[in-house]
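Per chain, numbering begins at 1; letters A, B, ... match sequence-line order. Nothing here was measured: the structure is a model prediction, and the numbers come from that model.
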Amino acid sequence: MPNSRYDKLTASQKEAVFHREGPLLVIAGPGSGKTRVITYRIAALIESGVSPHNICAITFTNKAAEEMRQRAISLGASGGAHISTFHSLCVRILRRYGADAGINPNFSIYDDSDQSGCMKQAIKDCELDTTNFSPARMLDAISALKNRLIDAETFEKEAEDFFSRMLAKIYIHYQGILTERNAMDFDDLLMKTATLLQNNSDVCRQLGERFRFLLVDEYQDTNHAQYRIARTIVSGHNNICVTGDPDQSIYRWRGADIRNILAFEKDWPDATVVRLEENFRSSANILKAADKLISFNRNRKEKKLIPVKPAGKDIAAAGFEDELEESEAVAREVKELIDEGTSPRDIAVFYRVNAMSRVLEEAFIKNKIPYQIVRGVEFYGRKEVRDMLAYLKVVVNPDDKTALLRIINNPARGIGKTTIDKISEYADSQKISFYEALKKASHIVSLSEATKAKQAVFISMIEQFKKDAGGKVAPLMERVFAESGLAESLKGEQNAIENVSEMISAAAQYDQQTEEPSLSDYLQQISLFSDVDSYDTNNERTALMTLHCAKGLEFENVFIVGVEEGLLPHEKTDTNDADDLEEERRLFFVGITRAKSSLHISYARYRTIRGQLMRTVPSQFLYELGIDFAEHSRQNNYSYDETDDAEITAPFAAGQLVRHKSFGTGVVKEFVDMGENSVVVVRFNTGQTKTLMVKYAGLSKMQDNAKGMH
DNA sequence: CATAGCCGCCTTTTT
DNA sequence: GGCGGCTATG
C-alpha cells in the first residue's frame, strides 16, 4: 500500500510512479516534476519489494545523479540502487567485464585536449596535413561514427570516396594510438560497452539480471550507442522506463538522436505512455512566451504547457548599446533583487557561449554581488591540474604516452626533445612501449651518460610512486606533488597551488566515501566529472552559466543575455538547416522555461567578439516571442511589457542590416540601382566587404535598432 | 637543452 | 583575445 508521501502527486504522476512491469515512456514538459517522478518511482519499487540492487537509474550529469541519490535516500530508499550517468555505468561495466574483450581495467580516459593530441599524431602518421584534415573535424567525424557503433575496420571497408578513405585511414591510426596507450575517449566508453554487450551474451544476461529495472532520464538526449546499451540490458525483461521531452533536446551536435524518444513506442510496442503536461514551475506569462517560441519549430510533436501558477510578471526585454552596458544593467537589476530580499542563489544568468561570462563577471565584481561561474571543464583544464593528473595516470597506466610526454620534462629535468625522439625510436625498433624503452635507456647507445642518469632518476621516482599506489589516493597525491618537483616549480603561484590543494581535498573525500579506494578508479571517475557537477546549489551566490548547463535546473529569476543573431542562434549553426536552427530555438526554450517567476531577456547592439567590435542584430527568436524590443532600444533598461511583432521594412539603403546565407550578417555600404541588375555593396561582420548582385545574393533585410556608428 | 618572444590559429554548446 | 607551437637566442 502506498503511503501518504505520494498524496501530493497528480494522477498522471502517480500513474508513472506506480507503473509496475514493462516499458514506460514518460513524456514530460519542463517543470512537470519529471525528476521527482523518477525518484518516487525508485522509492515505490523498493517499497513494493524490489531490491535496490536491482535498480539502475541513468541521469544526464553526475550532479543530477548525486541529487537523485540523496532524494531517493530521503524518501526512505536506503541507497544501493545504481544511479549514475551512462558514461560512469560504462566504466563500471568495462572494468568488471571487459577482460574477456581484452580491456585492461587501468585504461586512461582521454578528454578533448588529449584526443586532439592523438589526432594530430594520427594525421601526421598518415602523412596528411592538418590544413585539409583539421583535427577537430576529423574528431567530430570519428565521434559520429563511434556513436553509430561503426568501428575503424568496418568503416574502412565501406569507405569509397577519397575523403572517406582518408578518414578511414586516420580513424585506424587514431584508434591504434589510443589502444597502444591503453586509453579510451568518451565515445569509446559507450561503443566498447555496447559492443561488449552485443557480443557477449553472458555479460548481457548477467547485467539484465542485475538491473531488473532500468530508468533513463533525459532520454531525448541519448545517442545511438546509449540506446543500444539500454536496449540490450533490458532485452530479457523490458522493464525500461524513460523520461524526456523532445522540445528540450539540445545535444544533437554531440550525437544525441531525438528519434530514440520519438520511436520508443515502435521499439517497445506494448509501452505505456504517460504525459506530464502540467507545469508547476513557471508563471503563466513565462509559459506563454515559451510556448509561442517553440511553436515555430515545425519538426515536433504538439505538446501542451498547462500552467498551474498565475500569470505573474511580464517578461522584461531590453536592448543595450554594447555588452558592457548589458552586463552593468544585469548586475544592477540583480543587485536590486537582492536588496529587495531575494537570495542570490535564486537568480541565474544564462548565455550562449562561455566567453560571454567574463564581462558579466567583471560587472558582478564591481557591484559586489556574490556569484559563481558554472563552467564546463575549466578546473580540469588548468595546467597544474592536468600536470598532477598526468603523473597519476602514468603511475596507474605506464602505457599512457600522452600523460608521460606531458610530465617527462615537467618540471624541467633535462630530458628534451632530442632525447625523447631517440627513446621513441628505440621503443619502435624494439616493439616495446615508450615507458619500457625509458626503463631500458641504458641500452640506447646514442644517449650520453648524463642523459641516461637523468632518466634513471625519473624512472625510479615513478616506480617508487607505483609501489605506494595501493589504497588511499590523497596521501599519494601529496607525495607526487612534493617529490615530482611540481610544488617547487609552482612556488609563488598561489592560485595554482590552491587548485592542487583543492584536488587533494577532493581526493581525500573520495578516500573517505569509497569502500575500496583505488587510484585507477579515482582517475576514471574524475575524468567523467566536470565543473558543472560541482555547482553548489546551497551557496548564497548567483549562478552564471551557459544555456546548455542550465538544463534540468530552475531559478526564481532568470536573465538571458546576448539574444542576438550570431549568438542565439549561434553563427556556427547553419540557419538554412531547419534542424540546426530548431535546436537553437529549443536551447532558448530550455533557458526560458528555467524561470519560475521573473524572466529578463536582453541583447546588445554592438559586441566585441574576439577583440573586434561588431555590430549585431537582435535574434529572430525575439520576433517570434512577440517582444517589441524596438520600443526599448533607446532606453537602456529593462521594461515590462509585451506588444506586437516589430515590422521589417525599407529597401536596400546604406546602413541597412542584411543577412546572407553564407557570409552572415552585414551592413549595406552602397546600393547601385540598375533595375533588375541592381548591385549592393555589403560589409559583413566577418570583416570582408562584398559586391553582390541583388537578384542572386538572396539577402534578407533585418531590423535595425542601432544608432549610427560614426 | 631552456627560455623568451612571436606568430598564427581558433573560438559553440559537454559527457 | 588567448593559447599552443615554433623559432631564435643564450
Side-chain angles (χ1 to χ4, degrees), chain A residues 58-65 84-91 109-113 115-117 120 130-131 134-137 139-140 143 146-147 184-191 218 221-223 225-226 249-256 350-359 374-378 380-383 406 408-421 448 450-451 454 489 524-533 545-552 562 566-574 580 583-584 586-588 590-591 608-613 686:
Chain A
I58 306 286
T59 56
F60 195 71
T61 62
N62 289 298
K63 167 94 184 142
S84 79
T85 62
F86 260 114
H87 286 84
S88 295
L89 175 67
C90 290
V91 168
I109 298 174
Y110 278 6
D111 66 10
D112 281 8
S113 90
Q115 284 186 62
S116 133
K120 281 176 191 157
T130 49
T131 340
S134 93
R137 275 185 56 203
L139 282 169
D140 270 358
S143 171
K146 287 183 175 178
N147 283 169
M184 296 197 203
D185 60 24
F186 287 117
D187 300 312
D188 282 333
L189 295 173
L190 301 175
M191 181 167 80
E218 308 282 10
D221 276 323
T222 51
N223 64 28
Q226 292 166 330
S249 164
I250 54 176
Y251 283 93
R252 201 172 82 100
W253 53 273
R254 203 172 82 179
F350 305 150
Y351 35 80
R352 179 63 175 84
V353 297
N354 282 308
M356 294 166 72
S357 66
R358 183 181 219 93
V359 62
V374 183
R375 202 162 299 191
V377 286
E378 193 199 31
Y380 295 103
R382 297 236 166 89
K383 186 184 161 296
R406 185 180 180 93
I408 192 168
N409 199 32
N410 177 12
R413 49 174 71 86
I415 306 177
K417 191 179 178 302
T418 323
T419 314
I420 290 170
D421 285 347
S448 74
T451 315
K454 286 170 188 165
S489 75
Q524 288 172 352
Q525 283 203 21
I526 64 166
S527 298
L528 301 175
F529 231 77
S530 69
D531 292 3
V532 185
D533 300 314
M545 66 182 83
T546 63
L547 286 158
H548 281 89
C549 276
K551 170 168 161 164
L567 275 173
L568 189 66
H570 194 271
E571 60 183 346
K572 267 258 183 171
T573 63
D574 180 356
D580 274 5
E583 175 140 319
E584 293 288 306
R586 288 195 293 269
L587 190 55
F588 193 23
V590 166
T608 306
I609 296 169
R610 279 171 249 153
Q612 277 209 311
L613 185 70
T686 54

Asks: Minimum heavy-atom separation for L528(A) and N62(A), please, with both atom names.
Replies: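 Looking at all heavy atoms of both residues, the closest pair is O-ND2, 2.8 Å.
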Asks: Where the side chain of R413(A) meets the backbone of I408(A), is there a donor-acceptor pair that is under 3.5 Å apart?
Replies: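 Confirmed, R413(A) side chain pairs with I408(A) backbone.
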Asks: When all nucleic acid strands are considered with a 4.0 Å heavy-atom cut-off, which category describes K383(A): base, sugar-phosphate, or nothing?
Replies: nothing
Asks: Would you find a donor on one side and an acceptor on the other, under 3.5 Å apart, between the side chain of N409(A) and the backbone of G414(A)?
Replies: yes
Asks: Could you tell me whether the side chains of S113(A) and S116(A) share a donor-acceptor contact shorter than 3.5 Å?
Replies: no
Asks: Ion pair present between R252(A) and D221(A), side-chain N to carboxylate O less than 4.0 angstrom?
Replies: no
Asks: Using atom CG of N223(A) as one end and atom P of dT15(B) as the other, report the distance to the nearest whole Å.
Replies: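 Rounding to the nearest Å, CG of N223(A) and P of dT15(B) are 14 Å apart.
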Asks: Round to the nearest Å and state the distance from Y351(A) atom OH to dT14(B) atom C1'.
Replies: 14 Å
Asks: Can you tell me the distance, in whole Å, between the CD atom of Q115(A) and the P atom of dT15(B)?
Replies: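 The distance from CD of Q115(A) to P of dT15(B) comes to 14 Å, rounded to the nearest Å.
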Asks: Taking all non-hydrogen atoms of both residues into account, name the closest pair between V374(A) and C549(A) and its distance.
Replies: O-SG, 4.2 Å
Asks: May I have the distance from Q525(A) (atom CD) to dT15(B) (atom C1'), rounded to whole angstrom?
Replies: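 From Q525(A) CD to dT15(B) C1': 14 Å.
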Asks: Set out, line by line, the N/O atom pairs under 3.5 Å between protein and nucleotides 11-13 of chain B.
Replies:
{"residue": "dT11(B)", "atom": "N3", "partner": "R610(A)", "partner atom": "NE", "Å": "3.2"}
{"residue": "dT11(B)", "atom": "O4", "partner": "R610(A)", "partner atom": "NE", "Å": "3.4"}
{"residue": "dT12(B)", "atom": "O4'", "partner": "H570(A)", "partner atom": "NE2", "Å": "3.3"}
{"residue": "dT12(B)", "atom": "O2", "partner": "R352(A)", "partner atom": "NH1", "Å": "2.8"}
{"residue": "dT12(B)", "atom": "O2", "partner": "R352(A)", "partner atom": "NH2", "Å": "2.1"}
{"residue": "dT13(B)", "atom": "OP1", "partner": "N354(A)", "partner atom": "N", "Å": "2.8"}
{"residue": "dT13(B)", "atom": "OP1", "partner": "N354(A)", "partner atom": "ND2", "Å": "3.4"}
{"residue": "dT13(B)", "atom": "O4'", "partner": "R352(A)", "partner atom": "NH1", "Å": "3.4"}
{"residue": "dT13(B)", "atom": "O2", "partner": "W253(A)", "partner atom": "NE1", "Å": "3.2"}
{"residue": "dT13(B)", "atom": "O2", "partner": "R352(A)", "partner atom": "NH2", "Å": "3.2"}
{"residue": "dT13(B)", "atom": "O2", "partner": "H548(A)", "partner atom": "NE2", "Å": "3.2"}

Asks: Would the distance check show the side chain of R586(A) and the main-chain N or O of I250(A) forming a donor-acceptor pair, the cut-off being under 3.5 Å?
Replies: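 Such a contact is absent between R586(A) side chain and I250(A) backbone.
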Asks: In this structure, how many angstroms lie between the P atom of dC10(B) and the CZ atom of R137(A), rounded?
Replies: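 Rounded to whole Å, this separation is 11 Å.
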Asks: Could you state the CD-C1' distance from Q226(A) to dT15(B), rounded to the nearest angstrom?
Replies: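 That distance rounds to 8 Å.
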Asks: How many whole angstroms separate atom CZ of F529(A) from atom P of dT14(B)?
Replies: 16 Å
Asks: Do any N or O atoms from the side chain of D187(A) and from the backbone of N147(A) form a donor-acceptor pair under 3.5 angstrom?
Replies: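 No; judged by distance alone, with no hydrogens or angles, the pair does not exist.
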Asks: Please report the closest heavy-atom contact between G591(A) and F350(A), naming both atoms and the distance.
Replies: O-CE1, 3.6 Å
Asks: Can you tabulate the close N/O pairs, meaning under 3.5 Å, that link protein atoms to atoms of nucleotides 1-4 of chain B?
Replies:
{"residue": "dC1(B)", "atom": "OP1", "partner": "G416(A)", "partner atom": "N", "Å": "3.4"}
{"residue": "dC1(B)", "atom": "OP1", "partner": "T419(A)", "partner atom": "OG1", "Å": "2.3"}
{"residue": "dC1(B)", "atom": "OP2", "partner": "T418(A)", "partner atom": "OG1", "Å": "2.8"}
{"residue": "dA2(B)", "atom": "OP1", "partner": "G414(A)", "partner atom": "N", "Å": "2.9"}
{"residue": "dA2(B)", "atom": "OP2", "partner": "N409(A)", "partner atom": "ND2", "Å": "3.0"}

Asks: Starting from the 5' end of DNA chain B, give me the residue, S134(A) or D187(A), whose nearest nucleotide shows up first.
Replies: S134(A)
Asks: Once you round it to whole Å, what is the distance between P of dG4(C) and CG of D112(A)?
Replies: 13 Å
